[in-house]
2 protein chains.
Amino acid sequence: MENELDHADCPVTATIALFGGRWKLLILYVLSRNTRRFGEIQVRIPAISKKVLTEQLRELEADGLISRKEYKELPPRVEYALTDFGKSLCPLLIDIAAWKRKNIG
Amino acid sequence: MENELDHADCPVTATIALFGGRWKLLILYVLSRNTRRFGEIQVRIPAISKKVLTEQLRELEADGLISRKEYKELPPRVEYALTDFGKSLCPLLIDIAAWKRKNIG
DNA sequence: CAGTATCCGACGCGATACTG
DNA sequence: CAGTATCGCGTCGGATACTG
């Protein structure tokens, strides 16, 4: 790695990019407890605007961490859920949090 | 956590903030192999400018990950090294990289 | 209800020139 | 050698209003 030193293909950089967005960890946390509709996520993260929430959800979906299921009803209903890949992230996040408790407190 | 949902005190957010800067992981990697002078770091990460390198080093120092030792000579000499705290981060970074290899490849 | 469409400001990062 | 000092730009996130 020291020869190239291009952080683009650094595995750590690539991994934290998955959940590096401003609200992504929070969204993942909310969805880890339950499948949720768009509005339900908003209620649990009041500070986020619709535009930004939409963006973060789209990116999480593009990275395969969450799934989006649209029911063709009126009024519309959309449900977001963690994918298996998204769930696989949880142990890692717990490890990171554990590191902090141990090394910082 | 779901009650507050303020990511400021999220342990994962706080932890990745330590090495979240544009070049910090690379700098930590360079210093993990050896104590290095300012110019030596620059040679190993050619794409970084002096200004940004200085900024990232100052932040890493402020967070206690690296140490800065200034020798009062002419021409000036400054040596950067990982602190014990900085070294404690390495296993975590290895874990993150391992997660990627296992779950993405 | 679940989004788009605009507009905008802050910040991180970069390029370049200068200095003790 | 190891930095500062400026200037500037792109991207991310935020505020607000509108829509199928």
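Heavy atoms only: backbone and side chains are in, while hydrogens, waters and symmetry mates are out.
Comparing E59(B) and Y80(A) by the nucleotide of DNA chain C whose heavy atom lies nearest to each, the residue mapping closer to the 5' end is Y80(A). Positionally, the nearest nucleotide of DNA chain D for G21(A) lies more toward the 5' end than for the other of G21(A) and P76(A).
Spacing between atom CG of L57(A) and atom C1' of dT4(C) amounts to 15 Å, rounded to whole angstrom units. Distance, F19(B) CZ to dG12(C) P: 17 Å, rounded to whole Å. One atom, CG of L74(A), and another, P of dT19(D), lie 17 Å apart when rounded to the nearest Å. Between the CD1 atom of I48(B) and the C1' atom of dG3(D) there is a distance of 13 Å, rounded to whole Å. The CG atom of L60(A) sits 15 Å away from the C1' atom of dC12(D) (whole-angstrom rounding). Computed from coordinates, the R36(B) CZ to dA2(D) C1' distance equals 17 Å when rounded to whole Å. Between the CD atom of E40(A) and the C1' atom of dC1(C) there is a distance of 12 Å, rounded to whole Å. Atom-to-atom, CD of E55(A) to C1' of dA5(C) comes out at 12 Å; the value is rounded to the nearest Å.
When both distances must be under 3.5 Å, the Watson-Crick or G-U wobble mate of dG20(D) is dC1(C).
Residue K51(B) has its side chain nearest to dC7(D) when only dC7(D), dT16(D), dG3(C) are considered. Considering only the side chain of P75(B), dC1(D) comes nearest among dT16(C), dC1(D), dA2(D). Listed nucleotides: dA2(C), dC1(D), dT4(D). Nearest to the side chain of R37(A): dA2(C). The side chain of Q56(A) sits closest to dG13(D) out of dG3(D), dG13(D), dA5(D). For V78(B), whose side chain is taken as the heavy atoms from C-beta onward, the closest listed nucleotide among dG3(D), dT16(D), dG14(C) is dG3(D). Distances from the side chain of K50(A) to the nucleotides dG3(C), dG3(D), dA15(C) place dG3(C) closest.
Checked by atom type and distance alone, the side chain of W23(A) never pairs as donor or acceptor with a backbone atom of L57(A) at under 3.5 Å. When atom types are taken as modelled, the side chain of T15(A) and the backbone of K100(B) share no donor-acceptor pair closer than 3.5 angstrom. Remark: the backbone N or O of Y29(A) is not paired with any side-chain donor or acceptor of R33(A) at under 3.5 angstrom.
Under a 4.0 Å N-O distance rule, the pair K51(A)/E55(A) qualifies as a salt bridge.
One finds a side-chain N or O of R58(A) lying less than 4.0 angstrom from the OP1 or OP2 phosphate oxygen of dT4(C). Contact check, R22(A) against dA10(C): no side-chain N or O comes under 4.0 Å of OP1 or OP2. For dA2(C), neither phosphate oxygen OP1 nor OP2 lies less than 4.0 angstrom from any side-chain nitrogen or oxygen of R68(A). For the OP1/OP2 pair of dA2(C) and a distance below 4.0 Å, the side-chain nitrogens and oxygens of R77(A) include no atom meeting the criterion. Side-chain N/O atoms of W23(A) include none lying less than 4.0 angstrom from OP1 or OP2 on dC12(D).
Connection of I94(B) to W99(A) is not established within any shared hydrophobic cluster, with ILVMFWY side chains joined at heavy-atom distances below 4.5 Å, either directly or through further cluster members.
The structure places CG of L89(A) at 11.0 Å from OG of S32(A), a figure rounded to the nearest 0.5 Å.
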